[in-house]
Amino acid sequence: MSRYNFKESEARWQAAWDRAGCFTAHDTETDKPKYYVLEMFPYPSGRIHMGHVRNYTIGDVIARYKRARGFSVLHPMGWDAFGLPAENAAMARGVPPADWTRKNIDAMRAQLKMMGLSIDWAREIATCDPSYYKHQQRLFLEFLDHDLVYRRESWVNWDPVDRTVLANEQVIEGKGWRSGAPVERRKLSQWFFKITAFAQELLQALDSLDRWPEKVRIMQKNWIGRSEGARVFFDILGREAPLEIFTTRPDTLYGASFFAISPHHPLAAELAAGDPDLAAFVAECDRLGATEEAIETAEKKGYDTGLKVAHPFVEGRTMPLYVANFVLMEYGTGAIFGCPAQDQRDLDFARKYDLDVIPVVLPAGEDAKDFAIGDTAYVGDGRIYNSGFMDGMSVAEAKKTVIARLEAEDIGTGTVQYRLRDWGLSRQRYWGCPIPILHCPACGPVPVPKEDLPVLLPEDVSFDKPGNPLDHHPTWKNAPCPSCGAAARRDTDTMDTFVDSSWYFARFCCPQDTEKPLDPDLVDRWMPVDQYIGGIEHAILHLLYSRFFVRGLKRFGYTEHDEPFAGLFTQGMVCHETYRDREGRWLLPDEIDKQAGGAVVHRDSGAPVTLGRSEKMSKSKNNTVDPESIIGTYGADTARWFMLSDSPPERDMEWTAAGIEGAWRFIQRLWRLIGDAAPNLPPAGAPLPETLGPAALSLRRTAHKAIDGITRDIEAFRFNRAVAQVYELANALTGFKAKDGGDFWALREAFEVLVRLLTPMMPHLGEEMWRSLGHEALLVTLSWPEADPALIVDETVTVAVQVNGKLRATLELPRDTGEETARARALADPAIQRLVEDRAPRKVIVVKNRIVNVVV
RNA sequence: GCCCCUGUGGCGGAAUUGGUAGACGCGACAGACUCAAAAUCUGUUGUUCGCAAGAACGUGCUGGUUCGAGUCCGGCCAGGGGUACCA
């Protein structure tokens, strides 16, 4: 028996599938239910990594399984091809981003094809292709037409040396990653999608996404962050304009002891103009960085403006107004009042600046006379006191009452506030979809007429000068105003790449349509995506933006659906041990050698190597394993099989050399098993013999239980368990000694079941084994096996017998034995009698087919 | 900081969703085959005590609910993801 030759076999079956057009998605195949499987499309970084292998293996199992279940399947692939890395490569190596990207796409397509994925490659799209982004520009204009895009000023990280805007990840400890110069904050006019217009809808519809992980829905819910509260106007002594604040705790208004505004509040800017110390404080806040994380983890600091705010309900009471580093301009009104007794952050601030702490909520069971706040604010419910007209009310009552009072006096209103902010889409970058807008000195921003699209991204650009190449391109930005004909200039910003990925899934339904972005008939033929698969890191932004975008598409008449993804699965990361040499350099897994005694050394030098814990595969830790080299050494099926083994797909998995070798050995074992058995089997399609011996019957039970179990496991994304059951069936086949015709019949049945169950996971080996069993048809075209219900339940069950909750014996009982009989059998068991002795059981709990617990 | 998730043998993990903890795989050990090795096959393998029968302990820590907790509840600890310009 020769070894399984995966190289020859994998290429041959891939060609056979291709010839037969097995994976073409048919727009007109409407006699079958449709099923749209989609994995998040890759960024074309140059080579696929193990995360891709995991992602696309999972999706391919689902796609192949659903085809076998009789669905008309759409399983496409494309490229998230715009983005920063192409520009970084251009600057580092002088390669034009377009060339770099296209070369990467070609390389990665070839690698993905090696995996034997059941993809309809005719639908391939790349977001950097004008045939894609042309339609995206049109969609942008439709968002604009429907008042879902607007322009306003907002802040960016500015690198004064590179004269460029920096992404948050490019700001390291307040400095530009390339220049090392301290980053400044600048205000630029930018375009925004009005996602907040859908805040309530996006929140509410989460409840309908019952095939999404609960955790993702919770994260989105928290991100949208609906809160009910009040906007209140306060008078600032000696100033005309009142201060507007937002609070979720208007019931604690009597406990207010200070006010704080954001460093970016217009009032802060006005005051800073005449106050150098305040200007310095604002500058210090800016140096913190723009991320929420930096702001929230920084020490809370304030600057007393000297202004006093009047309390609306307490005659003569005034409170200081601070500029504070923890107040966000983007949330609410950029101004708050502080009630230290009932809010921990306010309390910390009050203690630091020695401000009053006036408790206004009395916890149940406390006495108003001696209840005091120490270092912990009281944020729970209770009775309102020290609060004039609200005294004696619950928190909820007080909120209602005070809002009514504020509204009656015309100094505030009850409002709903969302944490969600509008989606800024302008990027001061070259390698992205151009924003189809012209800026005319007379007419202002004017949309490029739809018939003039696409606005092509010029490819003759240079990265020699700092700044955005579009900005200093000699001719590109000059164009006449479509409205008045005057000389205008193009918007030199490009779109956030999240825009590209917010509708690609719909474009896969009609990728060849040159006329319009989307064909409503085809979109509704395939949408929504029935199963979307990708990393948990996209749980909020990408998925929320896509949900927003599809709501826009619905408004413009492109689809009837609100939601892009009916089912979502979030896979875990691929991790690997890390290795460092004595100098602390990270070593590749290929560079080390594990010796028998457990020592780890450098393969070439023999120098000792420190073994680090397992971490996500990354270039920076050098703990990557190259999929192409794995597939070249062991084959695609081995890589796919190991990806699905062991770790549940939603959890992080650990890539190990031992694991991939184990998968390789199993494939060889299957190959030997079928090679040894096949010549002795009855011909394919032989009828079921009239009588079967106990061995044959038992093997049939094992096989049919495997069908039942593996089917459920694939449906539930428990691939690791499906793999375990394939092992169990293979083990049963290994140990089976056929003696008569019935045994051989059962053996053929079990082999056929095994092959058909493993083929979504190892499709090439599946086809090869299917042929060994004497079949001509492509396995990939066959339907999924059905389990015989009579063969999947056992006649007897093992029931555990406990005494006081501890296992003391087991009983073999006929399935569904009655409670009385089970109890009697348990009490009659010698081991139980010995333990119970002559004590009368106080209680006997019987759970049918499971357990008898004797309590003495 | 905030939001979300995860934690079970030497290792990856399983546990019918509150009912026999450790399926299956890896590793290790022992045996068979071999001149030998590799490959393969068979067996053992949570820890401790015991010749054995068996017993005690055991699901990050800690407290609780229950006849019964890996599973439910409270409080911690550790690791990971997100934190709005990485994708």
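Chain letters run A, B, ... following the sequence lines, proteins first, then strands; residues in each count from 1.
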Give one of base, sugar-phosphate or nothing for [X], where a contact means two heavy atoms less than 4.0 Å apart.
X: A:V855; result: sugar-phosphate
X: A:P213; result: nothing
X: A:K616; result: nothing
X: A:A539; result: nothing
X: A:S501; result: nothing
X: A:V723; result: nothing
X: A:E728; result: sugar-phosphate
X: A:F498; result: base
X: A:T656; result: nothing
X: A:I295; result: nothing
X: A:L84; result: sugar-phosphate
X: A:H542; result: nothing
X: A:G83; result: sugar-phosphate

Does this structure show an ion pair linking [X] with [Y], if we count only N-O contacts that are shorter than 4.0 Å?
X: A:R808; Y: A:D829; answer: no
X: A:D471; Y: A:R163; answer: no
X: A:R419; Y: A:E292; answer: yes
X: A:K194; Y: A:D422; answer: no

Watson-Crick or G-U wobble partner of B:A52, both distances under 3.5 Å: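 Across any shown strand, B:A52 pairs with none.
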
query: So what's B:C86 paired with, Watson-Crick or G-U wobble, going by both distances under 3.5 Å?
result: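 Across all strands, not a single nucleotide pairs with B:C86.
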
Report yes if a side-chain nitrogen or oxygen of [X] is closer than 4.0 Å to either non-bridging phosphate oxygen (OP1 or OP2) of [N]; otherwise report no.
X: A:T497; N: B:A87; result: yes
X: A:R808; N: B:G68; result: no
X: A:N731; N: B:A23; result: no
X: A:K215; N: B:C5; result: no
X: A:R651; N: B:G7; result: yes
X: A:R419; N: B:A84; result: no
X: A:N168; N: B:U83; result: no
X: A:K619; N: B:C86; result: no

Tell me which nucleotide among [options] gets nearest to the side chain of [X].
X: A:A800; options: B:G19, B:G80, B:U20; result: B:U20
X: A:I218; options: B:C5, B:A87, B:G80; result: B:C5
X: A:N853; options: B:G81, B:G68, B:C24; result: B:G68
X: A:R613; options: B:G19, B:G81, B:G79; result: B:G79
X: A:N157; options: B:C85, B:G27, B:U42; result: B:C85
X: A:E296; options: B:A87, B:C86, B:G1; result: B:G1
X: A:E292; options: B:A84, B:U16, B:U20; result: B:A84

- prompt: Is the distance between the ring centroids of A:Y132 and A:Y504 under 6.0 Å?
  reply: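 No; A:Y504 has its ring centre 6.0 Å or more from that of A:Y132.
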
Does a distance-only test, which skips hydrogens and angles, find a donor-acceptor pair under 3.5 Å between the side chain of [X] and the base of [N]?
X: A:Q190; N: B:C85; result: yes
X: A:E661; N: B:C26; result: no
X: A:N222; N: B:C3; result: no
X: A:E615; N: B:G80; result: no
X: A:R429; N: B:C85; result: yes

- request: Assess whether side-chain contact (heavy atoms from CB on, under 4.5 Å) is satisfied between A:R640 and A:M761, documenting all intermediate values.
  value: CA-CA 7 Å; A:R640 293 169 61 120; A:M761 302 183 263; 5.9 Å; no

message: If you assign A:V216 and A:G662 each to the RNA chain B nucleotide with the nearest heavy atom, which residue ends up on the more 5' nucleotide?
response: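 Final value for this comparison: A:V216.
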
Upstream residue (5' side of RNA chain B) when A:T798 and A:G805 are each assigned their closest nucleotide: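 In this pair, the answer is A:T798.
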
For [X] and [N], give me the distance from atom [atom1] to atom [atom2], rounded to whole Å.
X: A:Q725; N: B:U16; atom1: CD; atom2: P; answer: 13 Å
X: A:N720; N: B:G13; atom1: CG; atom2: P; answer: 9 Å
X: A:I851; N: B:A21; atom1: CD1; atom2: C1'; answer: 12 Å
X: A:N88; N: B:C85; atom1: CG; atom2: P; answer: 17 Å
X: A:I536; N: B:U83; atom1: CD1; atom2: P; answer: 12 Å
X: A:L541; N: B:C85; atom1: CG; atom2: P; answer: 7 Å
X: A:R427; N: B:C86; atom1: CZ; atom2: C1'; answer: 11 Å
X: A:W223; N: B:C4; atom1: CH2; atom2: P; answer: 14 Å

- prompt: What form does the base of B:U6 take, syn (within 90° of 0) or anti?
  reply: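 B:U6: anti.
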
query: For B:G75, is chi within 90° of 0 (syn) or not (anti)?
result: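 Anti for B:G75; the angle lies over 90° from 0.
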
message: Does A:R152, at its CZ atom, have more than 12 non-hydrogen atoms belonging to other residues, nucleotides or ligands within less than 6.0 Å?
response: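 Yes, CZ of A:R152 has more than 12 neighbouring heavy atoms, counting only those of other groups under 6.0 Å.
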
query: Which value, in whole Å, describes the distance between the C1' atoms of nucleotides B:C51 and B:C61?
result: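 Looking at atom C1' only, B:C51 and B:C61 are 38 Å apart.
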
message: Measuring only the P atom in each nucleotide, how far is B:G70 from B:G9? A whole number of Å is fine.
response: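 Between the two P atoms, the distance is 14 Å.
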
query: Is the backbone of A:D646 close enough, under 3.5 Å, to the side chain of A:N720 for a donor and an acceptor to pair up by distance?
result: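 Flag set: sc A:N720 to bb A:D646 pair under 3.5 Å.
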
query: Checking A:N623 side chain against A:H576 main chain: does a donor-acceptor pair fall under 3.5 Å?
result: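 Answer holds: yes.
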
